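Just so it is clear, the values below take in all heavy atoms, side chains as well, and ignore hydrogens, waters and symmetry mates. In each ligand, atom 1 is the first atom listed, and ligand 1 is the first ligand listed. In this text, all values refer to a predicted model and were calculated from it rather than measured experimentally.
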Amino acid sequence: MDRSNPATNPVDSFKAARGLYIGGTWRAATGGGTIPVLDPATEGVLAEVPDATLEDAAAAVEAADQAAAGWAATPPRRRSEILRRCFELMTARAEELAVLISLENGKALRDARGEVAYAAEFFRWNAEEAVRIRGDLMTAPAGTNRIIVDHQPIGICVLITPWNFPAAMATRKIGPALAAGCTVILKPATETPLTAYAMAALCEEAGVPAGVINVLTTRKPGPVIGAMLADPRVRKLSFTGSTGVGRTLLAEAAKTVISCSMELGGNAPVIVFDDADLDTAIEGVMLAKMRNAGQACTAANRIYVQSAIYDAFAARLTGRMAALAVGPGTAPETECGPMVSAAAVAKIGHLVEDAKARGAKLLCGGQRPDRKGFYYPPTVLSEVPAEAEMIREEIFGPVAALCRFDTDDEAIARANDTEYGLSAYIFTRDIGRGLKVARRIESGMIALNRGLVSDPAAPFGGVKQSGLGREGGTEGIYEFLETKYIAAAL
Ligand code: NAD
């Protein structure tokens, strides 16, 4: 891709969508501050976006409030049609959006294309959910009255998203919030704001009224989000990001008792039993490990392989990992793009050195290439001990940590030995065994004989310190609805 050609560079084609998006207008931050957005493949500056202040945050809440009553009163069918149009426009501009994601995030274009399709699906799915919000009616057991249960839009929602899926993490929140009749203020990650602004422009084109979606970027997320959560008109915080920031935000939200949905970090175990189909297991682990170059909350973080097949599995996985094409995300042949930042590369490097120092064996990779850009090569480590930091923490990079186990009970105990509980992967030809193990794994989502769990039609979310609430499925929209019970003397 010619990065200097505006005809082929989506950074320029979405240029109009570059200000804070508040009340249906695009504008600079009060005071004029900006934030540079880097290209992880070159370390160059792609664009500048506004650095919102507390004043801008107050304006966003005001705009969301102005639009709230009108949007809540908009017929569900109309809300549904607008969301459907968002899906259609995103799909029509899919390639441009994919290149934009790849440019600011670094991920391989094939991953970015997959993300756009996944992200657009949250608009389509929620267009369908908007007209299926059900209540309940029953006679009170005493026979004295009727119990009417109704669901109403929860109110203004603050949405905070991470950089690893800049489109999908936003639509997974905007879709159900708008379907439920809520207005929103989205704060995307400062690493990847261009995708969020581009999507807001598409939603505007699709007919989302002014003030229903507001987007702001800031270098000071703590004070800016704190000010919004302190406003009594804000009723919901939906956050996707690290567990550490999630804890801070839960404490902040406690001050005004705001409803919180939290999609936090993961530390996904993979269990490959010795009766697994090896081809299926290798394909599954490659997908679970290498989607987004390992920068996914669902990424396979600890790969437990039963002793009888351990050596064969390690050899085959190493062959596949070592053969991956590393390069700029936008190059068509790239399978593993750069990491999002220099800090991410440094953290991965530290985790690999720590594991080696504790006795893990390096099977491939492990050496940062001498080139510009935030690269880390696909890496396999064998016999990683339980005390290695990468067994406790998210690696968030293209590093496969292999561990050997003998019995089912041992695998389950080691898989559950973490504060996280987002996703887990099980490979076995014995479905009964797989389902029994799945029930004992402390995790919100389990993939059985496959490397992917994410699906807009399924409830996504974690247990333990991986989160609160669910996104997608039939559950997702209820995170943005308040239950109202009316005791009616009918
Ligand atoms: P992060 O927690 O550093 O940042 C997430 C968002 O929070 C960003 O927009 C950031 O600007 C904002 N933020 C940071 N500090 C804040 C504060 N004090 N107040 C308010 N907002 C603040 O996470 P990240 O590095 O962007 O993303 C990676 C993390 O996200 C990983 O831990 C990953 O597992 C997690 N994640 C979870 C899911 C899920 O669905 N469970 C999905 C994707 C990513």
Side-chain angles (χ1 to χ4, degrees), residues 35 37 49 51-52 57 104-107 115 118-119 122 158-173 185-193 195-196 215-230 234 237-253 255 258 260-268 291-301 339-341 343-344 347-348 392-397 418-423 443-445 453-456 458-472 476 479:
I35 311 168
V37 183
V49 294
D51 182 12
E104 65 174 351
N105 167 285
K107 68 175 71 178
E115 179 181 349
Y118 175 52
F122 284 104
V158 170
L159 316 177
I160 306 176
T161 50
W163 50 263
N164 66 336
F165 287 94
M169 296 303 96
T171 60
R172 204 165 75 174
K173 299 183 189 304
I185 302 148
L186 170 68
K187 195 218 78 64
T190 39
E191 292 89 343
T192 55
T195 305
V215 186
L216 54 79
T217 35
T218 177
R219 278 184 208 267
K220 303 163 286 294
V224 164
I225 298 294
M228 290 198 275
L229 297 184
V234 171
L237 169 64
S238 178
F239 171 76
T240 298
S242 61
T243 296
V245 173
R247 281 190 205 108
T248 304
L249 285 170
L250 281 167
E252 194 64 33
K255 293 181 188 163
I258 284 180
C260 290
S261 298
M262 294 274 147
E263 294 287 348
L264 307 177
N267 179 4
R291 193 159 70 115
N292 271 3
Q295 301 171 107
C297 52
T298 50
N301 209 56
M339 305 298 104
V340 74
S341 64
K347 182 191 165 194
I348 297 162
R392 311 257 139 233
E393 279 186 38
E394 290 184 289
I395 302 169
F396 240 63
T418 170
E419 67 193 23
Y420 296 101
L422 189 62
S423 56
S443 152
M445 300 174 287
V453 285
S454 308
D455 188 328
F460 189 105
V463 301
K464 294 158 85 175
Q465 295 195 36
S466 284
L468 302 167
R470 294 293 180 270
E471 291 188 327
E479 303 275 329

For ligand 1, what is the set of protein residues having any non-hydrogen atom at a distance below 4.0 Å? Ile160, Thr161, Pro162, Trp163, Asn164, Met169, Arg172, Lys187, Pro188, Ala189, Pro221, Gly222, Ile225, Phe239, Thr240, Gly241, Ser242, Val245, Leu249, Glu263, Leu264, Gly265, Gly266, Cys297, Glu394, Phe396, Leu422, Phe460
Please examine the side chains of Pro162 and Glu263, heavy atoms only from C-beta on, and report whether any two atoms are closer than 4.5 Å. no
So salt bridge (charged side-chain N to carboxylate O under 4.0 Å, His left out) across residues 216-230, not counting sequence neighbours, yields Asp51-Arg219, Asp51-Lys220
Run the side chain to side chain donor-acceptor pair (under 3.5 Å) test against Lys187 and tell me which residues pass, sequence neighbours left out. none
Ala196 versus Leu186, closest heavy-atom pair with distance: CB-CD2, 4.0 Å
For a 4.5 angstrom cut-off between non-hydrogen side-chain atoms, does Phe165 reach Ser454? no
Residues passing the side chain to side chain donor-acceptor pair (under 3.5 Å) test with Ser261, sequence neighbours excluded, are Lys236, Glu479
